[in-house]
K.L.:
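The structure under discussion is supplied below as structure tokens; questions concerning it will follow.
Letters A, B, ... are given to chains in the order of the sequence lines, protein chains preceding strands, and every chain is numbered from 1.
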Amino acid sequence: MSVLELKNVKRRYGAVTALDGVDLEVAAGSRTAIVGPSGCGKTTLLRLIAGFETPHEGIIAMDGRTLADGKLCVPAYRRGIGVVMQDGALFPHLTVAENIGFGLSRKDVHREKVIGELIQTVGLGSECLSRRPHQLSGGQQQRVALARAMAMKPRLMLLDEPFSALDTGLRATMRKAVERLLEAARITTILVTHDQAEALSFADQVAVMREGKFLQVGKPRDLYMKPASRMVAEFLGDAIVFSAPVADGFAQTPLGRIAVDMAETQENARIMLRPEQVILQPALQENDATTTSDELMGAVSGAASGVVSEVEFAGATSTIAVKLLNDPDRPGYEVPLVLKGPGIEARSVGDIVRVVVRGTAHVLQ
Amino acid sequence: MRQTLASIAGALALAMIASTASAQDDGILVYNAQHESLAKAWVDGFTKETGIKVTVRNGGDAEFGNQIVAEGANSPADVFLTENSPAMALVDAAGLFAPLDADTLAQVGEQYRPANGHWIGIAARSTVFAYNKSKLTADQLPKSMLDLADPMWKGRWGASPSGADFQAIVGALLELKGEQATADWLRAMKENFKPYRGNSTVMKAVNAGEIDGGLIYHYYLFGDRAKTGENSKNVELHYFRNEDPGAFVSISGGGVLASSKHPKEAQAFIKWVTGKGGQDILKNGTSFEYAVGKDAESNPALVPLKELDAPKVEPANLNSKKVTDLMTAAGLL
Amino acid sequence: MQIAAGLVSLLALVPVGFIVWVAWQTGWEISASLIFRPRVGELLWNTGLLLFFAIPSSMVLAVALAWLTERSDLPGRRYWAWLCVAPLAVPAFVHSYAWVTLIPGFEGPLASILISVLAYFPFVYLPVAATLRRLDPALEDAAASLGFAPRLVFLRVVLPQLRLALCGGALLVGLHLLAEYGLYVFVRYDTFTTAIVDQFQSTFNGPAATMLAGVLVACCLGLLAIEAAVRGNSRYSRVGSGAPRNLVKARLGGSTIPCLSLMALTAALSLGVPLATIGRWLAIGGAAVWRVDAIGLALGQTIVLAVLGGLLTTAMAVPMGWLSNRAPGRLQRVLEGTNYVVGSLPGVVVALALVTITVRVALPLYQTMTTILLAYALMFLPRSLLSLRASIAQAPVELEHAAASLGRSPVRALWATTIRLAAPGAAAGMAMSSLGIMNELPATQMLAPNGTRTLAMGFWALSGELDYAAAAPYALVMVLISLPFTWLLHVQSKRMAGR
């Protein structure tokens with residue numbers, strides 16, 4: 001059952017429409033990520049859910065109770081929704097302990113104990129309790145902010161780009177830690193981020209947002225592999241897109257005949273491949289067998305020849321541009337494919353390679 | 001940085017020197033404790049007649065008296081004008097006045113100048129009890145200034161204790177009744193009176209009925225009536241007479257400082273002020289102070305000086321230091 | 001630079017040293033009898049009463065107005081914000097003059113407190129409004145999400161953040177209350193400052209005046225100490241990075257009319273009353289009160305004093321502003337602290353010290369422009385220093401290095417970078433000092449060279465003779481030349497907050 005339900009939520013700022021009819025359902029105990037470029041309205045949406053702002057139209061309901069319906073609006077402080085802001089928003093005039101205990105009753109006899117438990121839960125030592133926010137590192141501040149929000153035992157937790165201020169290494173660790181924590185506490189979570197990798201790895205459900213609307217909502221894997229549009233596809237990762245006729249579950253592409261996820265026949269379909277589906281193999285010698293073991297197993301399809309036009313070595317990975325060697329039979333694909341491969345596979349400019357495709361390609365609508 | 005600083009400092013220094021020099025060029029400097037408007041009328045008249053330029057620094061009697069003493073022989077002032085005698089006595093006691101020319105002294109009656117001729121009366125004013133007509137009737141008025149010490153007057157009268165005028169009156173009281181009586185009276189006053197700053201403010205309060213009466217000088221009422229009368233329409237003056245300390249007539253003084261670098265011009269100024277030109281300004285102007293020149297007449301609107309039955313007080317004996325000490329001890333300052 | 005800063009600080013210590021010296025010369029017994037007497041008790045009571053009621057009232061009023069102009073959807077809040085600063089253009093004694101002539105018999109403690117609040121609340125309003133403007137709204141959102149109603153959010157999150165601004169503003173108000181002369185003379189309320197001037201007028205530079213000054217200095221130091229204790233050493237800077245969101249303005253709804261009324265009432269009392277009264281007296285006086293030669297001369301002298309004083313103050317602030325940015329250290333902190341302490345001393349005390357010292361030991365400086373400018377510099381140094389320091393901080397030394405590496409000689413590098421960048425701040429500091437000098441009264445009266453008559457002196461002399469109509473043009477001119485400076489202050493505070 002869903003904890004949070006949004007129906008046709010709209011919000012304007014003067015002439016600018018920030019949210020243009022958003023629908024969303026968030027299941028209990030799940031993790032949802034809202035991802036989109038900056039200015040797409042994702043933070044506005046979060047603020048509407050938190051109750052910091054009111055929608056002009058539409059319904060926001062939690063656990064069946066209406067929080068806002070365009071006329072009425074339950075204020076933030078009566079919603080019991082936890083929020084962790086972009087940079088923590090710790091109260092600079094209070095100590096860490098006072099920050100964590102801010103939402104707890106001052107008369108609560110267990111107050112100290114709860115604060116002590118929470119600081120441990122978020123993985124900080126109790127020596128931090130007497131410090132002031134500015135004495136903590138960015139990561140520590142975010143942990144305290146999380147502990148502060150968790151102290152209220154919210155049903156729903158909103159995270160507003162909480163990891164964006166952290167540096168790359170810390171970011172992944174923090175994300176993992178927060179994920180585990182919220183999972184253990186069974187708190188339903190909504191994360192707002194502009195980082196698609198973060199969204200995909202964090203959430204059970206990802207909503208891609210652009211210009212105040214959801215382009216697509218779904219499971220991370222579905223969204224990545226089967227995006228509804230080129231826009232979604234390219235927002236979530238690199239994509240190779242070309243037009244090709246489709247028939248009988250196969251597309252005729254510059255890379256050869258490739259299996260697709262559509263059975264119908266279509267004269268001019270738009271086919272999307274993720275670069276990691278494209279594999280480079282050494283070019284076949286004249287006298288080699290015409291099929292590889294992979295092909296025999298049916299794991300790969302298509303086959304074309306290409307010449308390596310550019311190599312950029314970056315340690316663990318290297319980026320390789322491959323220009324297809326045109327077969328007069330097939331429509332040309334002039335733009336080089338940009339692929340990522342393991343850094344240990346040494347390729348050099350001018351190498352002739354065989355290009356095959358792993359898995360099925362996705363037909364965009 | 002250093003160069004920039006140095007040039008700023010240099011520019012400032014130049015500006016200061018220039019402005020200092022321009023403030024004290026030729027002409028004489030008068031330390032004026034008299035009313036600014038009266039002093040201005042005198043200065044304008046004098047300059048017009050003689051062409052001698054006069055710079056005026058305005059302040060209070062006691063402030064300037066003490067200031068001249070502190071400055072000693074280095075005083076920049078050439079002439080000192082006061083509203084009352086004690087400050088003149090103070091400067092004279094320090095030996096800082098030059099004797100006045102005999103023909104200047106001859107212009108003013110002996111009762112209005114000290115015997116040693118070191119300074120001279122330039123005007124006079126009488127102590128009065130200014131009262132609100134609707135608050136007090138003639139029979140309710142105090143018979144003597146000393147009556148104001150009575151508890152029945154508590155909260156009903158006012159004065160301006162920080163002013164030289166009132167301090168001169170206290171000086172007369174000290175001279176007439178002695179230290180103990182004065183100290184007692186000041187202590188009682190502290191209990192009874194309401195303090196104001198400036199005699200005009202006292203009169204304004206009387207007019208508004210904030211207090212029944214106030215101990216001030218006579219001319220404030222006349223001056224106000226010559227303008228709008230707004231602050232005096234309910235006010236009447238009560239002259240104590242009977243040689244009461246409250247009938248004290250205070251002599252405004254003028255003197256030439258011994259340290260003056262322009263003694264001729266300074267002497268000429270005092271001569272002019274005590275002569276016809278200066279005394280006529282008292283008669284015709286809006287100061288309403290009494291003229292003290294031998295043949296000079298006061299403004300006809302005033303009660304003649306002779307009818308006031310003032311106590312005889314030697315102006316040179318008025319001790320301003322003792323007065324401020326007693327007033328400080330009484331908590332009035 | 002060190003030496004220059006040290007010299008300035010030594011100069012700044014002169015007034016305090018003077019009081020100690022006089023006390024020592026006078027001898028303990030006489031000093032004690034002048035300090036521990038009922039009159040001093042009375043003055044302490046009066047002064048305490050004033051501080052106790054006027055400071056908190058100013059704080060409450062200023063916070064309410066600042067919240068309305070910065071955080072609510074009050075109609076016309078941009079204009080109201082300016083009207084909240086504008087009362088500073090009216091010298092305190094003109095406020096008082098207006099009230100006293102409007103309501104005869106308006107005097108005593110209540111009148112003093114009311115007029116003090118109206119004259120000085122902008123000193124609290126300015127920093128509080130600036131802080132409210134740049135306060136991170138995420139903190140308020142966070143508190144709301146933790147279950148706090150708006151009222152509680154304000155009490156527990158916003159108000160504590162305002163502590164620094166409130167402390168600074170309240171201190172400024174307190175020091176002005178202690179130093180103000182003219183305001184309290186009009187409403188017949190005796191404070192230490194008025195009593196010192198009385199003593200000065202009765203005895204010139206007698207020990208009684210100096211001992212009163214000693215107690216007054218103790219009061220100032222007490223205020224400084226209280227402020228330091230309340231302020232604490234906490235930092236309230238914004239934690240974390242990222243641009244703060246735009247503020248959401250609170251909707252007043254049905255409270256709009258009462259809130260507008262509060263604004264209008266404040267503006268009417270703090271601006272309307274003085275301007276209307278000046279207007280009324282001008283109407284009564286007619287053309288006769290416009291003695292253009294006298295007013296013009298006073299205006300000229302006032303401007304000369306204000307400009308020269310402002311320049312000197314800024315020049316004296318340069319070494320300290322420089323050191324505190326480029327070579328901070330313990331010595332620098334001590335030196336800087338000295339300047340602030342002296343800047344908190346009332347003008348009468350500084351003037352009393354300089355009069356006595358020049359007449360006794362430095363006679364060539366006696367009654368000269370140099371001395372009065374020096375007094376102004378000592379009194380207004382902190383005003384210059386504050387904005388100069390902030391603006392030098394905007395010009396990191398790296399810029400100078402960069403200019404040098406691009407082939408500029410050291411002096412030209414300095415000119416091209418630091419001086420250019422610090423100039424607006426220095427100008428603002430100078431404007432602040434000049435504004436203070438233009439409206440200064442007691443020190444000017446005591447120290448000015450012979451023949452000097454500033455607008456404030458002219459106003460004072462005429463209103464002292466109850467010639468309120470003749471005083472009105474002086475008041476009007478003072479307000480008019482002060483207005484641009486207050487406008488500058490308003491704009492500057494907005495810009496600082498917008499950083």
Side-chain angles (χ1 to χ4, degrees), chain A residues 13 38 43-44 46-47 49-54 75-95 98-106 132-138 140-142 144-145 148-154 156-158 160-162 164-166, chain C residues 63 71-73 127-128 131-132 134-168 229-255:
Chain A
Y13 292 104
S38 48
T43 297
T44 303
L46 195 86
R47 294 174 61 77
I49 299 172
F52 301 146
E53 288 175 42
T54 47
Y77 65 95
R78 296 223 189 92
R79 292 194 180 186
I81 296 176
V83 183
V84 176
M85 313 264 182
Q86 198 162 9
D87 43 27
L90 295 185
F91 303 123
H93 59 294
L94 301 177
T95 63
E98 287 164 337
N99 260 289
I100 296 176
F102 195 85
L104 299 171
S105 164
R106 289 191 194 182
R132 295 265 175 179
H134 70 266
Q135 294 168 306
L136 303 179
S137 70
Q140 289 173 321
Q141 286 183 17
Q142 288 297 9
V144 174
R148 181 177 71 181
M150 286 177 66
M152 303 205 319
K153 301 201 170 70
L156 179 63
M157 178 75 81
L158 307 177
D160 183 7
E161 307 221 18
S164 65
L166 309 180
Chain C
V63 170
R71 301 303 287 273
S72 80
D73 63 349
V128 168
T131 310
L132 274 180
R134 63 167 175 241
L135 211 56
D136 186 358
L139 294 177
E140 285 154 68
D141 288 347
S145 77
L146 292 169
F148 280 78
R151 202 174 300 260
L152 282 172
V153 172
F154 186 81
L155 279 181
R156 290 195 52 198
V157 177
V158 178
L159 216 48
Q161 309 276 324
L162 294 180
R163 195 156 86 175
L164 270 186
L166 275 173
C167 278
V230 174
R231 167 163 43 96
N233 53 0
S234 349
R235 265 181 29 171
Y236 293 151
S237 52
R238 206 175 115 82
V239 179
S241 57
R245 298 184 56 79
N246 278 336
L247 296 170
V248 180
K249 305 278 182 190
R251 247 177 268 164
L252 293 174
S255 318

K.L.:
Indicate the atoms forming the closest heavy-atom contact of Pro150(C) with Tyr77(A), along with that distance.
P.N.:
CD-CE2, 3.1 Å
K.L.:
Picking from Glu161(A), Met85(A), Gln142(A), which has the most non-hydrogen pairs under 4.5 angstrom with chain C?
P.N.:
Met85(A)
K.L.:
Can you measure from CG (Leu158(A)) to CG (Asp141(C)) and round to the nearest 0.5 angstrom?
P.N.:
11.5 Å
K.L.:
Which pair of heavy atoms, one from Leu90(A) and one from Leu139(C), lies closest together, and at what distance?
P.N.:
O-CD2, 3.1 Å
K.L.:
Taking atom CG of Leu146(C) and atom CZ of Phe102(A), what is their separation to the nearest 0.5 Å?
P.N.:
7.0 Å
K.L.:
Ignoring hydrogens and angles, tell me if any N or O in the side chain of His93(A) forms a donor-acceptor pair with the backbone of Arg156(C) under 3.5 Å.
P.N.:
yes
K.L.:
Determine the minimum heavy-atom distance between Gln161(C) and Pro92(A), stating which atoms define it.
P.N.:
NE2-CD, 3.2 Å
K.L.:
Kindly give the heavy-atom pair with the smallest separation between Phe52(A) and Ala142(C), and that separation in Å.
P.N.:
CZ-N, 4.5 Å
